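Everything below concerns the one structure shown next.
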Amino acid sequence: NALGIRHALEHLAGQGCRSVAFVSDETVSSTGRSRLDAFRLTVPRMPGLAAGPVLLGSFTIEFGRKAARELLTSRPLPDAVLCGSDIIALGVVRELHHSGVAVPDAVKVTGFDGILFSELCEPPLTTVRQPVQTIAAESVRLLQLRMDGDDAAVRRSEIAPSLLVRRSSLAGAG
């Protein structure tokens, strides 16, 4: 989660963004909490980038739309919105479009997870892609070890995500 958030923030800073809002779940999940913590720790370490509003709700399209409406009423708009999930980002993009705000020209938007539907968004959504097949293979491997009698202490495996850059976050791509 931390590496994915860092990749997204570095990309947005490289696209000329100066302020980035963060929209995610209410940190009731370890995933949401981890992504929020990473955002709060990483932004201050990036020269020229400032944290905009942090809006927390749920991993839903409707919350993404609600968060976008809130951003629209609290002008000025941030240069970018980093979403804690692609589902939220789909709602943000939809609501911005509905309100006449051009993505990515006025506001750049990124998601997190790399779900199939992120490619179908208009404009196609930049996302932190989770290597789902690699994660699944590692889970099966660890489970098989346990089933074969491995009684080693519980260990944590982290598999690096990658940033899939699409038009929703590119300067001059609108």
Side-chain angles (χ1 to χ4, degrees), residues 1-25 31-32 34-36 38-55 57 59-132 134 159-174:
N1 289 317
L3 181 59
I5 294 293
R6 189 176 85 224
H7 285 328
L9 288 170
E10 287 171 347
H11 167 69
L12 292 169
Q15 294 300 304
C17 296
R18 296 289 168 242
S19 62
V20 180
F22 185 70
V23 180
S24 192
D25 86 329
T31 299
S34 174
R35 292 175 188 176
L36 175 61
F39 177 80
R40 286 185 169 152
L41 288 171
T42 305
V43 170
R45 296 178 179 156
M46 301 195 72
L49 197 60
V54 172
L55 304 173
F59 286 131
T60 64
I61 288 174
E62 186 50 45
F63 173 66
R65 293 186 76 189
K66 177 183 175 192
R69 286 190 299 271
E70 193 169 325
L71 290 171
L72 288 163
T73 61
S74 64
R75 300 276 181 166
L77 283 172
D79 298 325
V81 180
L82 172 53
C83 299
S85 77
D86 289 346
I87 296 293
I88 291 172
L90 293 174
V92 168
V93 169
R94 182 174 181 191
E95 192 63 32
L96 290 174
H97 175 75
H98 237 266
S99 300
V101 176
V103 173
D105 292 338
V107 178
K108 291 160 185 44
V109 179
T110 65
F112 203 114
D113 289 326
I115 65 170
L116 173 65
F117 296 111
S118 64
E119 186 175 1
L120 302 176
C121 182
E122 188 52 46
L125 184 66
T126 293
T127 183
V128 175
R129 185 176 10 196
Q130 301 278 37
V132 175
T134 305
I159 300 168
S162 59
L163 184 67
L164 179 56
V165 177
R166 295 190 181 118
R167 273 192 311 128
S168 72
S169 67
L170 291 174

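Because the structure is predicted, anything quoted here is derived from the model rather than measured.
Using modelled atom types, one side-chain atom of Asp79 and one backbone atom of Arg18 make a donor-acceptor pair closer than 3.5 Å. Remark: side-chain polar atoms of Asp86 are paired, donor with acceptor, to backbone N or O of Phe112 under 3.5 angstrom. Side-chain atoms of Ser168 come within 3.5 Å of backbone atoms of Val109 as a donor-acceptor pair (strictly under, hydrogens ignored). In this structure, the side chain of Ser19 does not engage the main chain of Pro78 through any donor-acceptor pair within 3.5 Å. At least one donor-acceptor pair under 3.5 Å links the side chain of Arg35 to the backbone N or O of Gly84. A donor-acceptor distance shorter than 3.5 angstrom exists from the side chain of Ser118 to the backbone of Ile115, with no hydrogens or angles considered.
Annotation: side chain of Val23 is in contact with side chain of Phe63 (closest heavy-atom distance under 4.5 Å). The closest side-chain heavy-atom distance from Val107 to Val81 is below 4.5 Å. Side-chain contact between Pro161 and Val128: present, with at least one pair of heavy atoms (C-beta onward) separated by less than 4.5 Å.
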With side chain to side chain contact (heavy atoms under 4.5 Å, CB included) as the test, would you mind laying out the steps for Cys83 and Phe22 before giving the verdict?
CA-CA 6 Å; Cys83 299; Phe22 185 70; over 6 Å; no
Stepwise side chain to side chain contact (heavy atoms under 4.5 Å, CB included) check, Leu77 with Leu71
CA-CA 6 Å; Leu77 283 172; Leu71 290 171; 4.2 Å; yes
Starting from the C-alpha separation in whole Å, work towards a yes-or-no answer on side chain to side chain contact (heavy atoms under 4.5 Å, CB included) for Phe39 and Leu9.
CA-CA 8 Å; Phe39 177 80; Leu9 288 170; 4.1 Å; yes
Does the pair Ser169 and His11 meet the rule for a side-chain hydrogen bond (donor to acceptor under 3.5 Å, both in side chains), with working shown?
CA-CA 8 Å; Ser169 67; His11 167 69; 2.6 Å; yes
Carefully, step by step, assess Thr126 and Lys108 under the rule side chain to side chain contact (heavy atoms under 4.5 Å, CB included).
CA-CA 9 Å; Thr126 293; Lys108 291 160 185 44; over 6 Å; no
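Of the options Arg167, His97, Arg94, a side chain to side chain donor-acceptor pair (under 3.5 Å) to Glu122 is made by Arg167 and by none of the others.
Residues Met46 and Ala13 come closest through the heavy atom pair CE-CB, 4.2 Å. The nearest pair of heavy atoms linking Val92 to Gly64 is CG2-O, 3.4 Å. The shortest heavy-atom contact between Ser24 and Phe59 is OG-CE2, 3.8 Å. Residue Ala106 comes nearest to Val101 through the heavy atom pair CB-CG1, 3.7 Å, listed as atom of the first residue, atom of the second, then distance.
A distance of 9.0 Å separates CG in Leu90 from OG1 in Thr127, rounded to the nearest 0.5 Å. In this structure, CD on Glu10 lies 8.5 Å from OG1 on Thr42, to the nearest 0.5 angstrom. To the nearest 0.5 Å, atoms CD1 (Ile88) and CD1 (Ile61) are separated by 10.5 Å. Atom CG of Leu164 is separated from atom CG of Asp113 by 12.5 Å, given to the nearest 0.5 angstrom.
Salt bridge absent: Glu70 and Lys66 never bring a charged side-chain N and a carboxylate O closer than 4.0 Å.
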